[in-house]
Amino acid sequence: QVTLVESGGGSVQAGDSLRLSCARSVFTTTTLCMGWFRQAPGKEREGVAGLYTGGGTPHYADFVKGRFTVSHDNSKSTLYLQMNSLKPDDTAMYYCAAGTCGGSWYDDSWYNYWGQGTQVTVSS
């Protein structure tokens, strides 16, 4: 079973940057679809970004495009989310997810593995 652990969250001011990491507990050469989701208080969980670890073009939600960058280091089995120009609306618990590419990247129903989440708080 794949275990995911997020880190890198924190409390920052608007305009600041954070880099989130999602590490898999055991290295694997198996290609996966992975993504970042977030959930703010009182809101539904929403997709932020996603990619296929075997290569290709990453996907982004419109509300983060141009500010966030998702990447994967195959040698370290780690997914990253570089977040720049953070806004108060970005405040949420951010979750890393992984699965066997069963559907649309933003559809959280087919992801098999989820991390515990890391909190991001952006103050104005």
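Taking CG of Asn112 as the reference point, atom CG of Leu4 lies at 10.5 Å (rounded to 0.5 Å). To the nearest 0.5 angstrom, Arg38 atom CZ is 13.0 Å from Tyr95 atom OH.
Between the side chain of Tyr52 and the main chain of Cys101, no donor-acceptor pair closer than 3.5 Å is present. Looking at Thr118, its side chain does come within 3.5 Å of a backbone N or O of Gly9 through a donor-acceptor pair. Although no hydrogens or angles enter the test, the distance criterion places no donor-acceptor pair under 3.5 Å between the side chain of Thr91 and the main chain of Asp89. At least one donor-acceptor pair closer than 3.5 Å links the side chain of Trp110 to the backbone N or O of Ser104. Judged purely by atom type and a 3.5 angstrom limit, Glu6 uses its side chain to pair as donor or acceptor with the backbone of Cys96.
Residue Tyr106 places its OH atom among 12 or fewer non-hydrogen atoms of other residues, nucleotides or ligands, all under 6.0 Å distant. The number of heavy atoms from other shown groups lying within 6.0 Å of CD (Gln116) does not exceed 12.
Applying the ring pair (Phe, Tyr, Trp, His ring centres under 6.0 Å) criterion to Tyr94, with sequence neighbours excluded, gives no partner residue.
Checked against a 6.0 Å centroid threshold, the rings of Tyr111 and Phe37 count as neighbours.
Taken together through direct or relayed side-chain contacts under 4.5 Å among Ile, Leu, Val, Met, Phe, Trp and Tyr, Trp114 and Met34 form parts of separate hydrophobic clusters.
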Please assess Asn84 against Ser17 for the test side chain to side chain donor-acceptor pair (under 3.5 Å), listing each intermediate value before the final yes or no. CA-CA 4 Å; Asn84 299 325; Ser17 298; 2.9 Å; yes

